Participant: 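I am attaching a structure below and will ask some questions about it afterwards.
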Amino acid sequence: MNILRFLDELNDKQREAVLTTEGPVLVLAGAGSGKTKVLTYRVAYILAKKLADSENIIALTFTNKAAGEMKERIRKILGSLSKDIWIHTFHAMCLRILKQHAEKVGYPKNFVVYDRDDQFRIVRSIIKDKDLKAGEVLDILMEYKSKRIDNLSSEYMEIYNAYQERLKKYRAMDFEDLMLNTLELFSKYPEIRDYYAKKFLYIHVDEYQDTNHIQYQLLKNLLIYHNNIFAVGDEDQSIYSFRGADFRIILNFEKDFPNAKIIFLEQNYRSTKKILKLANRVIKFNYERRDKVLWTNNPDGKDPEVLENHDEIEEAEKIAKIIVSSKRPYSDFAVLFRINALSKSIEEVFNKYKIPYNVIGGKKFYERREIKDLIAYLRLIYNPKDNISLERAINTPPRGIGETTFEIIKKIAEENNVSYYEALRPALKFINRKKAVEGIIDFLNLFEKLLNYSKTLSVKELAKKIILETNYIEYIQKNESTQLARERRENIEEFVNSLDIYNNLEEFVEDISVKTENEIDLKNNCVSVMTIHSAKGLEFPVVFLIGLEDDILPHHLSIEEGNLEEERRLFYVAITRAKEELYLSYCKTRFLRGRKELQISRFLEEIGYKDGKIIWDNISDLSLTYKKGDLIRHHKFGIGRVLEIKRNLITVQFNEHGVKTLSLEFVKLERIVK
DNA sequence: AGACTGAACGTTTTT
DNA sequence: CGTTCAGTCT
Ligand SMILES: Nc1ncnc2c1ncn2[C@@H]1O[C@H](COP(=O)(O)OP(=O)(O)OP(=O)(O)O)[C@@H](O)[C@H]1O
């Protein structure tokens, strides 16, 4: 069979993974070993061999970008044969299921999904009289909701109940609801669960280490008939614990799925030997992991380089100069960082040097004020009970409906148990200010007009009508400086143009509710600028990793939380994105809410950076990471202080176990920084 | 109601 | 530093 020729590209282990189609399989392997490639080839193999039809296959990912990339990869191999495969994030899968069955869990079909900003608004309005911070409260609420904590204080419980009630009333779900309601649907209606469990003959999960417990439950539900799960992952790349991911789930795979087959891949195809060496060095400092071998046949390559800078401008300029003087296309380069705030200086300097770039993620397109305004109108047309959207739309542009007026509307709505929109007309007779009454009438007329348009017009035409009928452009120009107004106008134009792809309003609202970034506005042949989180799963010939300072990477909040190992995994993920060249950059000072003096990241020391250069020699590799007097932790002997290091032998005075001499080649120690 | 002011404040990652 | 908030004025 000719179509199976693609299997020749794989090594023996990889092929074994592809060919093991029945039963639970886990591929546990380090970065760049071809896990995602194996997963996509396995999907292709199943279809080519006609083991199942495309609608019987599902592939789950954790980010939209990963889902998009996988769709693209599979389409390349299979063309239209792949069209009915479900390739989604967990959230998008749940949304797709719930759209079919919303009424069964107590929602109308046109429910909307609230993002963090919308959640904020609800929380803020609940606690507005209390002396609490909305961000902290929301975090705690969500931890409770996703069952990471078991109980709440009575005060928080009250807030939580109010929050849930509002969501329900507004016909809205948050991200967690998507998954919880799907679980509820499955348990209330076993026949629906059975339908999907039977439908999905083969279930694939990429980046399995990012699974949280609720997602794990969902998987279990979908596996009751066929039990064909194919999961790939790497606990060293687990970087989403803040949203509940627990890499113990991947480490427990064998226990969870009896007679599971575990396949280890050891050859890295992505990076040069030198890059891989640094990655292997640093990850060994983590204690909570399964030790893995990772080697490569790729050439030694260019030595990774550390860039030392006085400040972030020098950092950005150095990078710009390297890019400009290179013969490579712009798209070969990526600039990665721990926190979004670091992109600013890069952007400024790239603009100055006329280097084209895409900022991926970051201050998201959909989060800009003008875009959110328009989306509020569109969402409200789709679901007039969406009170959060109404609250935004009703007074943008200003119609004289301020806080006092809106409080009346809210009160009427609550008393009659109707939505804010339905309360507008009845509220009129309680409002005395002429201007406010006129404003509401204006809004009602406008909105009815828009509702009518929505019956016949495309999403794009509808958006144009909204802009026209609300005089939105004039509103911007009146209120903002010309510079900002132009920017906003351009954004609106871009947004409107991006609406071409939607056939109807439902498609649009559904799509933006789980999609956070606008892939449409990505330009070709550009340097990619993004956080390490966004870069996971991607690869670039040349990677610049910036902001390698203590308190940035590792981030100070993680250090406080005792989450150093996760920060180290982030560093590992970042390094392993590089195929050929790697630049590691830090600054002595940085502008971050005022100029700050910073210390070089401890991770640079861990990769063997000492006295201004990276040490490549093998034996001292191991010893240079500790020095006399360091505090270290041993998994058996506990905490101790280093007395002496000779070649690869380390002598430690342990607090509870006396003096020991250990071989650095075999022992795993964690350094504790004072 | 809304524009304007100065003070306070916050600082991680994403579906 | 830039954003947001509370308070004041029109
Ligand atoms: N057998 C192979 N022969 C040649 N190239 C391969 C082989 N397997 C994988 N590759 C290449 O190695 C690179 C990394 O593959 P892939 O992205 O699938 O790795 P991964 O294990 O998913 O990495 P990560 O864990 O970082 O996401 C890709 O460019 C892929 O094409």
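Note that the coordinates shown come from a computational prediction; the quantities given were computed from them, not determined experimentally. Naming convention: chains lettered A, B, ... in sequence-line order (proteins, then strands); numbering from 1 in each chain.
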Participant: Tell me what A:F90 touches on the nucleic acid: a base, only sugar-phosphate, or nothing, going by heavy atoms under 4.0 Å.
Facilitator: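 Here A:F90 touches no strand at all.
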Participant: Starting at the 5' end of DNA chain B and moving along, which residue's nearest nucleotide shows up first, A:G400 or A:K596?
Facilitator: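 Upstream on the strand: A:G400.
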Participant: What is the nucleic acid contact for A:I339, judged by heavy atoms within less than 4.0 Å: base, sugar-phosphate only, or nothing?
Facilitator: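 A:I339: backbone/sugar contact only, no base atoms under 4.0 Å.
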Participant: Does the base of B:dT12 carry an N or O that pairs as donor and acceptor with the side chain of A:R338 under 3.5 Å?
Facilitator: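 Flag set: donor-acceptor pair detected.
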Participant: Do the side-chain N and O atoms of A:E176 and A:S146 include a donor-acceptor pair separated by under 3.5 angstrom?
Facilitator: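 Per modelled atom types, A:E176 and A:S146 side chains form no pair under 3.5 Å.
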Participant: For the pair made of CG in A:L218 and P in B:dT15, what is the distance, rounded to whole Å?
Facilitator: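 Checked: the CG to P distance equals 18 Å.
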Participant: Under 4.0 Å, heavy atoms only, any strand: does A:F591 hit a base, just the sugar-phosphate, or nothing?
Facilitator: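 Sugar-phosphate only.
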Participant: May I ask whether A:F242 stacks on the base of B:dT13, given the cut-offs of 5.5 Å between ring centres and 30° between planes?
Facilitator: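 Base of B:dT13: stacked against A:F242.
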Participant: Whether A:T405 contacts B:dA1 is assessed here as follows: a side-chain N or O lying under 4.0 Å from the phosphate OP1 or OP2. Is that the case?
Facilitator: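 The answer is yes; a side-chain N or O of A:T405 sits under 4.0 Å from OP1 or OP2.
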Participant: Mark this stacking check for A:H555 against B:dT12 as yes or no, applying ring centres under 5.5 Å and ring planes under 30°.
Facilitator: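 Yes, A:H555 stacks on the base of B:dT12, since the ring centres sit under 5.5 Å apart and the planes are within 30°.
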Participant: Tell me which of A:H556 and A:T89 sits closer to the 5' end of DNA chain B, going by the nucleotide each one is nearest to.
Facilitator: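 Its nearest nucleotide lies further toward 5', so the answer is A:H556.
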Participant: When all nucleic acid strands are considered with a 4.0 Å heavy-atom cut-off, which category describes A:N395: base, sugar-phosphate, or nothing?
Facilitator: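 Sugar-phosphate: the residue A:N395, judged by heavy atoms under 4.0 Å, touches backbone atoms but no base.
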Participant: Taking CD1 from A:I239 and P from B:dT14, how many angstroms apart are they, rounded to a whole number?
Facilitator: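 Result: 9 Å.
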Participant: Hey, does A:E561 reach any base, or is it just sugar-phosphate, or nothing, if we go heavy atoms under 4.0 Å?
Facilitator: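 Base: the residue A:E561, judged by heavy atoms under 4.0 Å, touches a nucleobase.
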Participant: Please verify the inter-ring angle class for A:F242 with A:Y240; under 30° counts as parallel, over 60° as perpendicular, anything in between as tilted.
Facilitator: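 The rings of A:F242 and A:Y240 sit tilted, inter-plane angle from 30° to 60°.
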Participant: Side chains of A:E549 and A:S601: donor-acceptor distance under 3.5 Å anywhere?
Facilitator: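 Judged by distance alone, the side chains do not pair up.
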Participant: When you measure from the side chain of A:H533, which nucleotide among B:dG2, B:dT15, B:dT14 comes out closest?
Facilitator: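 So the nucleotide nearest the side chain must be B:dT14.
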Participant: Consider only side-chain N and O atoms of A:E347 and A:Y357, and report whether a donor and an acceptor are under 3.5 Å apart.
Facilitator: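 Looking only at side-chain atoms, A:Y357 and A:E347 do form a donor-acceptor pair, the distance falling under 3.5 Å.
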Participant: I'd like to know if A:E407 and A:K410 make a salt bridge, using a cut-off of under 4.0 Å between side-chain N and carboxylate O.
Facilitator: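 A salt bridge links A:E407 with A:K410.
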